Visitor: 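Mind having a look at this structure? Questions to follow.
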Amino acid sequence: MKGVAFVFVLLVSFALHRRGSAIHKHFFGRGNFPVGYFAGGEYKLDCSTLASHLESPAAEKLRFCEDATLWDVLDSKGDIEDRLLIATCDSGRKQWNTVMGPLINPEPHGTLWLYAPNEARLGPKSRSTSSIPVEVRGKPRQITFSSYPPRHDFHPLGVAIWPSHGGNSSNLYIVNHARQKSVIEHFRLDPHKPTEANYVRTITSPLFIAPNSLTLTSPNSFYVTNDHLMTRRLPFVGNLLSGTETIFALPLGSLLHVNMYPDQLLQGPSPSTHISDTNIVKAFIPFANGVALSPSGNEVAVASTPGEVFIYTRNLTTNALKQKERIKMPFAPDNLHYEAPKEGQKARLIVAGHPDVIGLVKVAANLTGASAQSWVMAASRLDESDRSEPTGFTVRPTGWKLETLFQSEGLEDKGGFGTSTTGLVDPDTGTLYVPGLYAEGGIMLCRSNSDRSN
Ligand SMILES: *[C@@H]1O[C@H](CO)[C@@H](O)[C@H](O)[C@H]1NC(C)=O
Ligand SMILES: *[C@@H]1O[C@H](CO)[C@@H](O)[C@H](O)[C@H]1NC(C)=O
Ligand SMILES: *[C@@H]1O[C@H](CO)[C@@H](O)[C@H](O)[C@H]1NC(C)=O
């Protein structure tokens, strides 16, 4: 196994050298990163992992986390009561990773987590109390499942949830890289009992080739990326073909839009009746990874892991997309999320990823002493006025400003945090959450220095 991994690393290095112009130089040759940097405060003082809030053996389950999302719990008038973190983790990832390999043992299952900050976010005008019970706050809690089919695998990747309104339950969707094929699980989560998700159904489609990340367009519809066309699941040649597709950044990823029948209207138990229609809205995206819908609903962002983020304008009626912009990233972007905008401000796009892909491949192959760096950035669109350069010579405007929110050398035994896959910012508190694909600490939580008391 290690030999195979090593050859793979060599191949990657070679291919990246050959494609040096297309793929950013940060991919190989590790830059100098600090142990940890957090833009909103002081890394040493303000950042700690969620696993460090738990005792063994629960702490060992909260590791190797991929995606996370913020769950808005709104009152009946639509004002925010609470904003909670929901995250997917898989402590068995080194034995079962359908994207990077290996595919050895799907048996230990992944987990779903909830983190509710100590204080609710009740606005000054709110007269209600939050639906979220006090006893779940302040510590990460594993979300258990009710009515989940027996012997049904759970290897979660992308997660998305619809906000709760006036205490009603939210539809929750999770990409599941199960043993036979990848599917999407539909659950419902009740804010009064947020540590137990009710299983609704399993959604399958022949077009779910390698589903990775999803974003909801309604409680019953979503965009989902397929990261590859040639997957590691293919018998005998899977590793080679999937590796080739990754290394040469072949444009074989895609983006689907899926409309489902609301489950209340389902006639029979047949899964094929769950989906009303599926459209391939974009094909030929190299390694399509994270996808996010903007708060306005007019824009969709897709991370293409070889080094770019594509911005599309969305037709709200048909969900068709038209490419508008591309943002070149100084790392391999993984998941991305729009920050809920504060009043009068534009929504920032928070992009997390891997500045050291070779390091990540070594970590995935479990090589002794391997580590991989973390980098999270916020991208904001520049106005025309921001773009004009006061200096004499012209600088070609890129249209987007990139700011670093978080960085780490990735050495956990030295207090760092590696393999960042996602970045989420709670705009009301400035809290930053960063899951790490192979981080023993699971998820990094950094409180803004203006919010140290909470
Ligand atoms: C990874 O390596 C560690 C120690 O080097 C070992 O304990 C563990 O079993 C390995 N995991 C896998 C999946 O090979
Ligand atoms: C909860 O209420 C909101 C607003 O009325 C609605 O959009 C949503 O579909 C409801 N969710 C469920 C699961 O019924
Ligand atoms: C969305 O698509 C429909 C159907 O093609 C078209 O009639 C409509 O003009 C489009 N809307 C926008 C804003 O482009």
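Counting convention: from 1, in listed order, for ligands and their atoms alike. This one's a predicted model, so the numbers in the text were calculated from it and none came from an experiment.
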Visitor: Quick check on T317 - does any of its heavy atoms sit under 4.0 Å from an atom of ligand 3?
Guide: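 T317: no contact with ligand 3 (<4.0 Å).
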
Visitor: With atoms numbered from 1 as shown, which atoms in ligand 1 lie under 4.0 angstrom from a non-hydrogen atom of Q95?
Guide: 13 (C)

Visitor: Fit a plane to each ring of F222 and Y173, take the angle between them on a 0 to 90° scale, and name the class: parallel (under 30°), tilted (30 to 60°) or perpendicular (over 60°).
Guide: tilted

Visitor: Answer yes if the side chains of N176 and H109 hold a donor-acceptor pair under 3.5 Å, and no otherwise.
Guide: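 There is no such pair (donor and acceptor under 3.5 Å, judged by atom type) between the side chains of N176 and H109.
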
Visitor: Considering only the protein, which heavy-atom contact is closest to atom 13 (C) of ligand 3, and what is its distance?
Guide: N315 ND2, 4.6 Å

Visitor: Check the angle between the aromatic planes of F331 and W375 and answer parallel, tilted or perpendicular using the 30° and 60° thresholds.
Guide: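 Tilted, since the angle between the ring planes falls between 30° and 60°.
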
Visitor: Counting heavy atoms only, which of N366, L367, T368 is nearest atom 6 (C) of ligand 1?
Guide: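 The residue whose heavy atom sits nearest atom 6 (C) of ligand 1 is N366.
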
Visitor: Let me see the working for F38 and F406 under ring-ring contact (aromatic ring centres under 6.0 Å, His included), right down to the final yes or no.
Guide: CA-CA 5 Å; F38 167 47; F406 182 88; 7.4 Å; no

Visitor: My question is simple, although I want it checked carefully: is atom 2 (O) of ligand 3 less than 4.0 angstrom from any protein heavy atom?
Guide: yes

Visitor: When you measure from atom 4 (C) of ligand 3 to every protein heavy atom, which one gives the shortest distance, and what is it?
Guide: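 So the nearest neighbour among protein heavy atoms is T318 CG2, 3.7 Å.
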
Visitor: Could you tell me whether R348 and E403 have a side-chain N and a carboxylate O separated by less than 4.0 Å?
Guide: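 Salt bridge flag = yes for E403 with R348.
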
